[in-house]
Structures are given as structure tokens and as C-alpha cells.
Chemist: 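Quick one: the structure is below, questions incoming.
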Number of protein chains: 2
Amino acid sequence: MKSGLTVQEVAERTGLSAHTIRYYERIGLIPSVGRAPNGHRRYTETDVGWIEFLKCLRSTGMPLAEMLRYVALQQEGEGTFQERLALLEAHRHRIKAKIEELNKLLERIEAKINWYRSREVQSG
Amino acid sequence: MKSGLTVQEVAERTGLSAHTIRYYERIGLIPSVGRAPNGHRRYTETDVGWIEFLKCLRSTGMPLAEMLRYVALQQEGEGTFQERLALLEAHRHRIKAKIEELNKLLERIEAKINWYRSREVQSG
DNA sequence: ATACAACTTAGAGTATGCTCTAAGTCAAGA
DNA sequence: TCTTGACTTAGAGCATACTCTAAGTTGTAT
């Protein structure tokens, strides 16, 4: 019977390094990770889901400080639902804005690429 | 008669700080900026266009090191057209991948938001 | 004349987010 | 028994990209 995943196993699953996972725990992003009798970390599927959510927030550009704020609200309990929702909605807004910005800038870069291509034809 | 824009004016136009513009010049991203007789920088419209292009590359996530590589190729002359084109195409590919990633992760965050909203209704 | 604001340079300092190290524990296999 | 490898911790180190500072110069307004 398996008591949980090791930090390496979680690293493999999530694509984060074991160093980073421990670091996230240390700064408070992953509260209450279980330990084996020898002190080694043991992760549940719930933990893995949470870490994947953290990764999702990070990959979309949320700073660690804001992720910590989210965790803090979570630990304060149900009274912080509105605030957590607001935080996520603000983040969603930023992601959408970033996607729009990227699309706009992509066009500009493609224009430059096309300029190079037109030159390429003439100069061989 | 105006001999060119000052660093502050370029900062206002491009949205970069004067510090950053000087820094970019120092590391080699903005070659050959003209000087007034007193040694002050004077920018042409061409310079501004180039700085805006740099900003575009940065905002889409290109590291300074790669931008420097692009500048280096540019200064080597016409023989580097292919390489410059390849560099921009690789970058375009990364931007597209990033947009796709953001769209995917955005969905996940929206799912979480919707989960919060459904709770919100029940708990008042 | 003098104060002020904007500029110059080289270099130091900061923010963020990892990433690695050192010293030690522990369990399993040769 | 001894080695190997994975784990633990606290803390140091590093990469990136700015951002600021200090000391000095210059041009303009009062």
C-alpha cells in the first residue's frame, strides 16, 4: 500500500523541479504536505492537483506574491470567497489582455518577417 | 530647427524609461545614437521606430541576449538575412505557442472562477 | 551671478524566481 | 558492513532585467 507520492514523482508529473516544489512549500504556497515516518514528503492526488493549479497561475504570469495572497485567503476560510474570486477574475482579465497584446505584437513581427521574405526573393 | 528627440521625449513616446533606453544603448541594443554638441543623446524617428521594435520583441518575451544576437546579425550586413529571418520565425513560433498555452490555461482558470461563482449563489 | 533642471557616465543595487550546495539522515542492495 | 541514492534543512548563489545613485557638465531662466 502506497502512502503517497515522493517529491520526485510529483516533479515528474507536474514538470516542476523537485527544488522548485520544495521552494514553493517553503514560502507557503503548498501548506500541509504530509510526511512519511522518516520525514520524507508524501503527496496526495489533491496535492498534485493543487501544484498543477499553482503551475497554471505561474505560467499565466501571476507573481508568487499574489499566489501567496490567494493561499492566505484560502486558509482564512469561507469568508474570503469573494476576495478569492475577485483575485482570479483580475488575473483572468490580465491574461486576456496579454493574449490580445501578443496577438497584436505578433502581427507586427509577422510584418517584419514578410518584409524579410520579400527581400529574400529579390536578393536570391 | 530640431536636431532630434531627447532621451526623455523618446521615453514618453515609447513607454520605456529613460534609464532603460540608456541601458539598452549601453548593452548594444541601440547602436549609433547621435549626440548633440554637448554630448546629449539625440534620437531620429528611425531610432524611435527601432526602439519600438525592440519593445515589441521584449513584450513578446524575447530575452535581451537574443535581441543582441539580432542586432549583431544586422550589423554584419546583408549576408545574415537568412539568419535574421530564422530568428524572427522561431520567435513567432514561440509567441504562437505561448498564445495557445495562455488560451488553454485561461480556460482552466475560468473553470475555477465558475466553480467559485456556483458556490457564491448557494452561500449568498 | 546663480539656481535649477536635464543631461552624461560607470557602476552599484534591487526584484523576482528559481537553482544549487552543504551537511546530515535513512533505507535498501552487494 | 558498506556503499549508494534519495531524501531532509537552511541558506547561499545565480540569471535576468532593469533601476537607481553619484559625481560631474551644461543650458536656460531669474
Side-chain angles (χ1 to χ4, degrees), chain A residues 1-44 47-48 51-71 91 94 98 105, chain B residues 1-44 47 51-71 91 94 98:
Chain A
M1 119 181 201
K2 199 83 191 308
S3 64
L5 299 161
T6 68
V7 71
Q8 270 309 329
E9 285 163 344
V10 174
E12 276 154 32
R13 281 221 203 172
T14 62
L16 296 172
S17 76
H19 281 309
T20 299
I21 293 168
R22 289 194 206 99
Y23 168 67
Y24 280 7
E25 183 182 338
R26 200 188 336 174
I27 66 174
L29 281 177
I30 316 170
S32 64
V33 174
R35 300 291 146 130
N38 61 6
H40 291 196
R41 290 169 177 82
R42 288 293 177 269
Y43 296 87
T44 64
D47 292 328
V48 174
I51 290 166
E52 272 166 353
F53 184 63
L54 290 179
K55 197 193 171 187
C56 170
L57 294 179
R58 268 305 293 146
S59 300
T60 50
M62 187 183 284
L64 294 184
E66 196 170 333
M67 291 163 66
L68 279 169
R69 170 86 183 129
Y70 185 82
V71 173
H91 187 52
R94 284 195 305 264
K98 186 65 190 177
L105 297 176
Chain B
M1 117 180 202
K2 198 84 191 305
S3 64
L5 299 161
T6 68
V7 71
Q8 270 309 330
E9 284 163 344
V10 174
E12 275 153 35
R13 282 221 201 174
T14 61
L16 296 173
S17 76
H19 280 309
T20 300
I21 293 168
R22 289 195 208 98
Y23 168 67
Y24 279 7
E25 182 182 338
R26 197 182 346 168
I27 65 174
L29 280 177
I30 316 170
S32 64
V33 174
R35 300 291 145 131
N38 61 7
H40 291 195
R41 289 168 177 80
R42 289 293 177 268
Y43 295 88
T44 64
D47 291 329
I51 291 166
E52 271 165 355
F53 184 62
L54 290 179
K55 196 192 173 191
C56 169
L57 294 179
R58 268 305 293 144
S59 300
T60 49
M62 187 183 284
L64 295 184
E66 196 169 333
M67 291 163 64
L68 279 170
R69 169 84 184 131
Y70 185 81
V71 174
H91 187 53
R94 284 194 305 264
K98 186 65 189 177

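Sequence lines set the chain letters: A, B, ... in the order given, protein chains first and strands last, and positions in each chain run from 1.
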Chemist: Could I get the full list of side chain to side chain contact (heavy atoms under 4.5 Å, CB included) partners for A/E52, not counting sequence neighbours?
Modeler: A/T14, A/V48, B/R108
Chemist: Quick one: what's the B/S/- string for nucleotides 3-19 of chain C, heavy-atom cutoff under 4.0 Å, read 5' to 3'?
Modeler: ----SBBBB-----BBB
Chemist: Taking only residues two or more places apart in sequence or in another chain, which ones pass side chain to side chain contact (heavy atoms under 4.5 Å, CB included) with B/Y23?
Modeler: B/I27, B/L64
Chemist: Run the side-chain donor-acceptor check on residues 31-40 of chain B: report pairs under 3.5 Å with partners two or more places apart or on a different chain.
Modeler:
| from | atom 1 | to | atom 2 | distance (Å) |
| --- | --- | --- | --- | --- |
| B/R35 | NH2 | B/E25 | OE1 | 3.4 |
| B/R35 | NH2 | B/E25 | OE2 | 2.2 |
| B/N38 | OD1 | B/H40 | N | 3.0 |

Chemist: Could you list the residues that satisfy salt bridge (charged side-chain N to carboxylate O under 4.0 Å, His left out) with A/K98, not counting sequence neighbours?
Modeler: A/E101
Chemist: Using whole Å, report how far CG of B/L29 lies from P of D/dC18.
Modeler: 9 Å
Chemist: Round to the nearest Å and state the distance from B/L57 atom CG to D/dA17 atom P.
Modeler: 12 Å
Chemist: For a quick test of reading the model, state the closest non-hydrogen atom pair linking B/G15 to B/K55 and the distance between them.
Modeler: CA-NZ, 4.2 Å
Chemist: Need the bend value for the helix from C/dA1-D/dT30 to C/dA30-D/dT1: angle between end axes, 5 pairs each end, nearest 10°.
Modeler: 20°
Chemist: Taking only residues two or more places apart in sequence or in another chain, which ones pass salt bridge (charged side-chain N to carboxylate O under 4.0 Å, His left out) with A/E66?
Modeler: A/R94
Chemist: Checking B/R26 now: which residues fulfil side chain to side chain contact (heavy atoms under 4.5 Å, CB included) with it, not counting sequence neighbours?
Modeler: none
Chemist: Residues two or more places apart in sequence or in another chain: which of them pass side chain to side chain contact (heavy atoms under 4.5 Å, CB included) with B/T20?
Modeler: B/L16, B/S17, B/Y24
